[in-house]
Amino acid sequence: MKTLSKDAFAAAERYLVLNARRIDRARFDNRFDGGPAGPVVHAVRSHQNPDGGFGHAIEPDLRGASSQPQGVEAAFWALDDVGAFEEAIVLAACAWLEANSTEDGGVPWVLPSVLDDERGPWWQPQGERPPAALNPTAPIVGLLHHHSVKHPWLEPATEFCWRAIAGLDEVGAYDAMCVLRFLERVHDRDRAAAEFERLSPSLRASAALDPDEPGHTHSPLDLAPTPESMARSLFSEAEIDRHLDHLVDTQGAEGGWAPNFMMWTPVVAHEWGGYLTRATLTTLQAYGRIA
């Protein structure tokens, strides 16, 4: 079993100081150095638009100012990470979600307004009136349930998620992570357990079990970033250990961890590198792999 040495951890911290965005440095400081939650909240707030949504590259591949559903998810995860799910920020975002939902109750993957923004080439809306999608409706709903947020948007959005999940037979990696984040947190635990059991084979199949598999893959640790994750039961101890060892082994010469997907403009390489380095350290800590 490999662990990240003190020197390797120090190198990762230096990488973050030199390269990461303020929001990721503040999240690291909060988790590993006992830093306050306030700087993370302030960083999140700086990405929030007057309409309540989020833009301005809070999701690094969405460079424009326009509010997008993925921006809300990114903001909510940052607030959740530091235990500061601030009511004013969250309720304003919920009002934006309600205003931008489809008749089905969820929000689309990306809105047509993205066409006016600089963005990664894969961010393309599905027509002028794109349909609601589990990505990112499901994790957003899951986080709102977890924090017991009360807002009129939550009930129809929750029902959309249940209907969409019930219609799944096979689950791709991105949707798998979204489904899991919903099932882990939604209040109806019996229904969540039943859907998890039904979808377990497909959820497991969405992960690349070979840590050296090339391309843009997702590992078991993406589905189960902590030992307490619902998806942890999908993988053997040996499989989890192999991927944890791989994380320790693949730290870069600069101290960070690099993305395995396309870097379409130079700035995102270190923005994503900072995000992934912080996330990797969080996973290694959760599994007791930091010296």
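Side chains included, hydrogens not; waters and symmetry mates left out as well; all remaining heavy atoms used.
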Once rounded to the nearest 0.5 Å, what's the spacing between atom [atom1] of [X] and atom [atom2] of [Y]?
X	Y	atom1	atom2	value
Glu73	Asn135	CD	CG	6.5 Å
Phe85	Ser148	CZ	OG	10.5 Å
Glu254	Thr277	CD	OG1	9.5 Å
Ser46	Arg22	OG	CZ	10.5 Å
Trp77	Asp81	CH2	CG	9.5 Å

Taking only Lys NZ, Arg NE, NH1 and NH2, and the carboxylate oxygens of Asp or Glu, determine whether [X] and [Y] approach each other closer than 4.0 Å.
X	Y	answer
Glu184	Arg189	no
Lys2	Asp241	no
Asp24	Arg21	yes
Glu195	Arg198	yes
Glu271	Arg63	yes

Kindly indicate whether the side chain of [X], heavy atoms from C-beta on, has any atom under 4.5 Å from the side chain of [Y].
X	Y	value
Pro259	Tyr275	no
Met262	Trp122	yes
Tyr287	Pro227	yes
Glu86	Arg45	yes
Leu134	Cys161	yes
Phe32	Glu13	no
Gln70	Trp109	yes
His246	Leu221	no

Could you verify whether a donor N or O on one side chain and an acceptor N or O on the other, from [X] and [Y], lie under 3.5 Å apart?
X	Y	answer
Trp272	Asp61	yes
Thr283	Gln285	no
Ser113	Gln68	yes

Practice task
Verify whether the ring centers belonging to His145 and His147 lie closer than 6.0 Å.
Solution key: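 Ring centres of His147 and His145 not closer than 6.0 Å.
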
Handout entry: Check: Phe76 ring centroid to His146 ring centroid under 6.0 Å
Key = no

Exercise for the section: Could you tell me whether Arg191 atom CZ has more than 12 heavy atoms of other residues or ligands within 6.0 Å of it? Expected result: yes

What are the two closest non-hydrogen atoms of [X] and [Y], and how far apart are they?
X	Y	result
Pro39	Ala26	CB-CB, 3.9 Å
Leu247	Trp257	O-NE1, 2.8 Å
Gly274	Tyr15	N-CE2, 3.9 Å
Phe235	Ala207	CZ-CB, 3.9 Å

Exercise for the section: Kindly say whether Ala57 contributes a backbone atom to a donor-acceptor pair with the side chain of His47 at under 3.5 angstrom? Expected result: no

Practice task
Kindly say whether Val17 contributes a backbone atom to a donor-acceptor pair with the side chain of Arg25 at under 3.5 angstrom?
Solution key: no

Practice task
Would you kindly check if the NZ (Lys) or CZ (Arg) of Arg185 is within the cone defined by 45 degrees around the ring axis of Phe182 and under 6.0 Å from the six-membered ring centre?
Solution key: no

Problem - ILVMFWY cluster, Leu111 and Val141 together (side-chain gap under 4.5 Å) - result: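 Same hydrophobic cluster.
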
